[in-house]
J.: 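Dropping the structure in here first, questions after.
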2 protein chains.
Amino acid sequence: MTGWLAVAGLGPGREDLVTPEVSAALAGATDVLGYIPYVARVAPRPGLTLHPSDNREELDRALHALDLAAAGGRVVIVSSGDPGVFAMASALFEALETRPDLHRLDIRILPGITAMLAAAAAAGAPLGHDFCCINLSDNLKPWALIDRRLRLAVEADLAMAFYNPRSKSRPEGFVRALETLRQLCGPDRLITFARAVSTPDQVIRTVRLGDATPEMADMRTLVIVGNAQTRRVGPWVYTPRSAS
Amino acid sequence: MTGWLAVAGLGPGREDLVTPEVSAALAGATDVLGYIPYVARVAPRPGLTLHPSDNREELDRALHALDLAAAGGRVVIVSSGDPGVFAMASALFEALETRPDLHRLDIRILPGITAMLAAAAAAGAPLGHDFCCINLSDNLKPWALIDRRLRLAVEADLAMAFYNPRSKSRPEGFVRALETLRQLCGPDRLITFARAVSTPDQVIRTVRLGDATPEMADMRTLVIVGNAQTRRVGPWVYTPRSAS
């Protein structure tokens, strides 16, 4: 009974962005759990049980994984990107809080290429100076808090990476965010929409805030807003290393 | 003459955190440039010229790489971590600004596991909610700006990842940062010191701000300060996904 549990980041999509550490964990696993499209990225093989589950079932999935590992399984929960950035690692620790009997289980978090790093690389280097990373979904926090964070981030002149900018069910949040940013940063600030980064569907588009429209983002889009220094060079967008 | 230039992230140190994309670029390169300890991670082989250079020579290195690629070389600039986070990608684009004749050169930025993701994974999930990422070095910006960003990040209740917390030549910045954070966040806020993450020298230590001392950080340390919700569970530290 030497079970273990790894929470692994599969990166943004392309297979050559999966770290060898994660590939090795998957190769040694008896059970893989995760959101349906992420589990679909793991090849079936004898001895491996795949447990795809729906979105918003993170806590149940984490408890199931803890039980499988406690029973001796070699268990991997897969996330896209990095598991520690708006993904399954925090959900696992929330589940672990309810199970003090399992606090000494062999748990490892395996980092991955999170979407903002792949998006920034595809666009150039818009996160090359101090930046922040904000989840625009208001599933788990009130919109007023998101709005306050946007305003303070602009005041600090941080570049900004936005995850989950726009859901079908609540598209109005991103409409408001764009309007706020345009007011505070002016129309010339650069904004990059990176859709389906590293996949065959990848589209990278950088425009002025004055030309940005909410429809440029969907749930597969990572949005990066530059700081006051962010600029274009050739086909690229980047943020200089220095500031005054 | 089909030269290209890649700026590649080697990750924080361990070889199984280097992406296959980066390994493939290195395998096809004629020239590898970078800071001495990063170039030392690339195995010599026939047909490959290694060009190690000193720290703080980033612009010269970038210009040299551009010239080599323009002459037909297959050139990789290596960074530790991710090239777009306080590393060589921005320096390359600064150099490219001075060379409009090379704006259409085949340039690719290859993402890597940046130190904060590996540090967070080793500690648990302290960056599991909105966070910011700040370079504490005042080489390229005034300390007053760093101080302002710290205060606004606390006001926004962002978790914080700090790169380059403490240089030998100017250790006083981190002393002041710790004092400011203690005043604003109180003594019970959790702070994680992740030294030499993913290497054989790795040490991960999480303490209360009231127990943190400047000596806990050096230039190989990535520091993470939690938000107001960040807490321990078993041997781990994590930030819950929700906030009010």
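The chains referred to below are lettered A, B, ... by the order of the sequence lines, with proteins before strands, and numbering in each begins at 1.
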J.: Using a cut-off of under 4.5 Å for heavy-atom pairs, which of A/Ala144, A/Pro20, A/Pro142 has the most such pairs with chain B?
T.: A/Pro20
J.: Side chain, backbone, both or neither: which part of B/Ala243 has a non-hydrogen atom closer than 4.5 Å to chain A?
T.: both
J.: Could you tell me which residues in residues 234-241 of chain B have at least one non-hydrogen atom under 4.5 Å from a non-hydrogen atom of chain A, sorted by residue number?
T.: B/Gly234, B/Pro235, B/Trp236, B/Tyr238, B/Thr239, B/Pro240, B/Arg241
J.: Taking every non-hydrogen pair under 4.5 Å, which of B/Leu158, B/Asn139, B/Leu17 racks up the most with chain A?
T.: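 Most heavy-atom pairs within the cutoff with chain A belong to B/Leu17.
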J.: Heavy atoms only, distances under 4.5 angstrom: which of A/Gly128, A/Ser23, A/Pro126 has the most pairs with chain B? Name it, please.
T.: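 Answer, by heavy-atom pair count under 4.5 Å with chain B: A/Gly128.
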J.: Please rank A/Cys133, A/Ala123, A/Pro12, A/Ala87 by heavy-atom pairs under 4.5 Å with chain B and give me the top one.
T.: A/Cys133
J.: Atom NZ in B/Lys141, atom OG in A/Ser242: separation rounded to 0.5 Å?
T.: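 Between atom NZ of B/Lys141 and atom OG of A/Ser242 there are 10.0 Å.
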J.: Between chain B and each of A/Ala120, A/Ala118, A/Ala91, count heavy-atom pairs under 4.5 Å; write down the option with the most.
T.: A/Ala91
J.: Measure distances from B/Val85 to the heavy atoms of chain A and classify the residue's part below 4.5 Å as side chain, backbone, both or neither.
T.: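 Both parts, backbone and side chain.
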J.: Please check: side-chain N/O of B/Arg149 versus main-chain N/O of A/Phe131, any donor-acceptor pairing under 3.5 Å?
T.: no
J.: Determine whether B/Leu117 and A/Leu117 make a side-chain contact, defined as any pair of heavy atoms from C-beta on separated by less than 4.5 Å.
T.: yes
J.: Report the option among B/Asp16, B/Ile109, B/Leu102 that has the most heavy-atom pairs separated by less than 4.5 Å from atoms of chain A.
T.: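 Option with the greatest count: B/Asp16.
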J.: With a 4.5 Å cut-off on heavy-atom pairs, point out which of B/Arg148, B/Arg151, B/His129 contacts chain A the most.
T.: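 Most heavy-atom pairs under 4.5 Å with chain A: B/His129.
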J.: Would you say the side chain of B/Thr19 lies within less than 4.5 Å of the side chain of A/Ile113, judging by non-hydrogen atoms?
T.: yes
J.: Look at B/Ala121, B/Ala153, B/Cys132, B/Gly11 and state which one has the largest set of heavy-atom pairs under 4.5 Å with chain A.
T.: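 Heavy-atom pairs under 4.5 Å are most numerous for B/Ala121.
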J.: Could you tell me which portion of A/Asp157 (side chain, backbone, both or neither) has an atom closer than 4.5 angstrom to a non-hydrogen atom of chain B?
T.: both
J.: Has the side chain of A/Asp130 got a donor or acceptor atom that lies under 3.5 Å from a matching backbone atom of B/Asn135?
T.: yes
J.: Do any of residues 223-233 of chain B come closer than 4.5 Å to chain A, heavy atom to heavy atom, and if so which ones, in number order?
T.: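 B/Arg231, B/Arg232, B/Val233, listed by number.
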J.: Is the shortest side-chain N to carboxylate O distance from A/Arg14 to B/Glu21 below 4.0 Å?
T.: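 Answer for the salt bridge query: yes.
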J.: If you count heavy-atom pairs under 4.5 Å between each of A/Arg104, A/Glu58, A/Glu15, A/Glu97 and chain B, which one has the most?
T.: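 Highest number of heavy-atom pairs under 4.5 Å: A/Glu97.
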J.: Looking at B/Ser198, B/Pro83, B/Gly84, which one has more heavy-atom pairs under 4.5 Å with chain A than the rest?
T.: B/Gly84
J.: Let me know if A/Ile107 has heavy atoms under 4.5 Å from chain B in its side chain, its backbone, both or neither.
T.: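 Backbone plus side chain of A/Ile107, per the 4.5 Å heavy-atom cut-off to chain B.
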J.: Counting only heavy atoms not in A/Arg108, do more than 12 fall under 6.0 Å of its CZ?
T.: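 Yes - once you tally the heavy atoms of other residues, nucleotides and ligands closer than 6.0 Å, there are more than 12.
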J.: Between B/Met116 and chain A, with a heavy-atom cut-off of 4.5 Å, which part of the residue counts as in contact: side chain, backbone, both or neither?
T.: side chain
